[in-house]
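To find a chain, count down the sequence lines: A is the first, B the second, and so on, and within it residues start at 1. Only heavy atoms go into these numbers, but all of them, side chains included; no hydrogens, no water, no symmetry mates.
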Amino acid sequence: MKNISSHFWICTSSFLDSTLVLASGKDSGAIKLSVFDPFGKPCNELTVTATQLEPVVFDAETLLGSVSFDKGIRHGQVVITHPDSVSIVVRYSSLESGCFASSITTIPSQGGTVFPVRADPVLTTLIYLVNFSSTEESSARVRAYIKNRSPEIFVSIPPGGVKLLMVEEEFKDLFAGEDGGMGYVRVLSRSGNLGAGVLERRGPLEGEKFELGALA
Amino acid sequence: MNIPAQGSSSSWVGFCYHSPGMRHFVHFLPIDNGKSVATSLQTTIRLFASQAENDQVTFGGARIAQPDGIRLFDAFPLWYDEGKKLWGIEVTLSGERPNIELEDSSCIFEFSLGQRSVKFTGIPSLSKNEDASARPTVAVVQDLSLLPSIVVVNGGTVPFSPHFVWTDTKAPVLLEAIAPGAVKEIPLELAHGREPVAPVELSWGRVHMRLLEPVGELPPPGCAVFLVHRNAEMNGERGRIVSVVPLKEAM
């Protein structure tokens with residue numbers, strides 16, 4: 001059985017929560033979870049086993065322990081070292097809605113990765129940049145494209161850490177007056193150690209509901 | 001099917017669910033192996049729902065390193081006269097330059113209704129797996145608000161029989177062959193009370209989990225499988241799609 005490492009971003013707050021689900025097709029053997037805060041500081045480590053009939057479930061609150069708030073939520077990276085027979089998903093949930101995402105993949109050093117975004121007053125777009133390396137800082141260029149404008153910011157992510165970008169805040173000038181406009185955010189990194197995903201929160205919609213969408 | 005010539009084009013398979021008022025988008029980022037040359041590319045989008053319902057458009061204008069997208073209604077307005085339906089989509093980016101390498105490009109599918117939208121990455125038309133026995137299992141989760149299903153897209157030229165078994169019972173999940181050009185959704189029911197795996201009680205309710213194991217041969221070119229979750233309506237019926245996970249590694 002081959003051991004592999006999977007990376008997940010987890011979070012917990014009053015409006016957004018997450019749960020990791022680990023299931024194995026056979027007795028898994030040791031599954032090691034290492035949790036890092038947004039600054040890359042190790043904050044939890046545990047080893048579990050999963051069997052065919054007993055999946056393992058962790059809510060983010062349990063894994064994050066005393067991690068402090070960053071941009072209004074508590075969050076961090078979980079590195080899971082596990083046999084390839086173990087399957088893992090994360091469920092992001094708000095009070096009224098949920099969605100699933102698989103592990104974060106590395107941003108290709110050639111060309112980067114792109115996320116479609118939309119200028120919409122009910123939309124909050126959260127991009128998480130996760131440094132897979134535990135020893136080296138990673139950097140990224142984040143460029144937003146709406147119509148003919150494409151401003152860019154530079155970010156650095158400490159080893160093991162996570163950088164959160166609220167797109168509508170980071171590119172406030174670009175989104176102003178562009179209601180309904182479509183655009184893109186492109187993340188470029190040549191480090192080979194950086195992963196990215198996006199979580200959208202829409203609301204309030206009719207009935208004062210909020211909805212979630214993920215793309216990792 | 002648009003079979004990509006090695007090194008000169010790249011193709012992805014996806015799907016969308018159509019109902020009145022729904023909008024669909026295809027987004028792509030063409031990458032020429034890191035060479036940011038202002039080469040113009042062709043984009044071909046093929047939409048299909050059966051062997052008889054099959055249409056494609058090709059347009060230019062896509063440029064290397066420039067994210068771009070298209071609203072499907074602009075390319076296929078006649079398809080929007082019909083009622084609810086699952087459509088398969090194949091997107092191909094191709095360049096005229098002989099040494100162009102587009103395999104690092106990416107493609108994202110989106111469908112939205114009102115202010116709600118679902119986005120997911122496309123699955124490359126040609127599987128990158130070489131060993132059918134090395135494919136990972138797929139965790140399937142069902143709870144009070146999210147109901148799982150599998151969407152199978154056959155954009156290829158031969159029938160596709162994706163074989164999955166539940167790892168706990170080895171009972172098969174998918175048996176029938178999906179015809180070329182067809183798209184099919186197969187609901188998965190994890191809570192009928194006879195599952196060998198006991199549900200877990202979590203803060204957001206009772207959760208059922210099982211594992212799907214891909215067995216049999218690797219899929220033919222142009223075929224793809226997605227794990228989908230639909231909202232559970234008040235009456236227990238399956239509502240709209242809220243989450244799509246492409247099963248790239250399992251295919």
Asks: How far apart are the closest heavy atoms of P116(A) and K119(B), and which atoms are they?
Replies: O-CE, 3.8 Å
Asks: If you take all heavy atoms of S87(A) and L211(B), which pair is closest and at what distance?
Replies: CB-CD2, 3.6 Å
Asks: Is the shortest heavy-atom distance from the side chain of Q110(A) to the side chain of E103(B) under 4.5 Å?
Replies: no
Asks: Under a 4.5 Å heavy-atom cutoff, which of L227(B), V118(B), L146(B) has the most pairs with chain A?
Replies: L146(B)
Asks: Which atoms of D143(B) come close to chain A, meaning under 4.5 Å heavy atom to heavy atom: side chain ones, backbone ones, both, or neither?
Replies: side chain
Asks: Check whether any side-chain heavy atom of H27(B) sits under 4.5 Å from a side-chain heavy atom of V114(A), and report yes or no.
Replies: no
Asks: Could you tell me which portion of P55(A) (side chain, backbone, both or neither) has an atom closer than 4.5 angstrom to a non-hydrogen atom of chain B?
Replies: side chain
Asks: At their closest point, which heavy atom of R118(A) faces which heavy atom of S112(B), and how far apart are they?
Replies: NH1-OG, 4.5 Å
Asks: State, yes or no, whether a side-chain contact exists between Q66(B) and Y184(A) at a heavy-atom distance under 4.5 Å.
Replies: no
Asks: Determine the minimum heavy-atom distance between A65(B) and R186(A), stating which atoms define it.
Replies: O-NH1, 2.8 Å
Asks: Working to the nearest 0.5 Å, report the span between OH of Y145(A) and CG of L29(B).
Replies: 7.5 Å
Asks: Would you say K172(A) has more than 12 foreign heavy atoms packed within less than 6.0 Å of its NZ?
Replies: no
Asks: Check the pair V242(B) / C99(A) against side-chain contact (heavy atoms from CB on, under 4.5 Å), numbers first and verdict last.
Replies: CA-CA 7 Å; V242(B) 294; C99(A) 63; 5.7 Å; no
Asks: How many angstroms lie between OG in S117(B) and CG in L123(A), if you round to the nearest 0.5 Å?
Replies: 7.5 Å
Asks: Between T113(A), D17(A), T19(A), who has the most heavy-atom pairs with chain B when the cutoff is under 4.5 Å?
Replies: T19(A)
Asks: Checking heavy atoms, do the side chain of H229(B), its backbone, both or neither come under 4.5 Å from chain A?
Replies: side chain
Asks: Does some side-chain heavy atom of R91(A) sit less than 4.5 Å from a side-chain heavy atom of V207(B)?
Replies: no
Asks: Quick check for you: among G69(B), S106(B), P67(B), which has the greatest number of heavy-atom pairs under 4.5 Å with chain A?
Replies: P67(B)
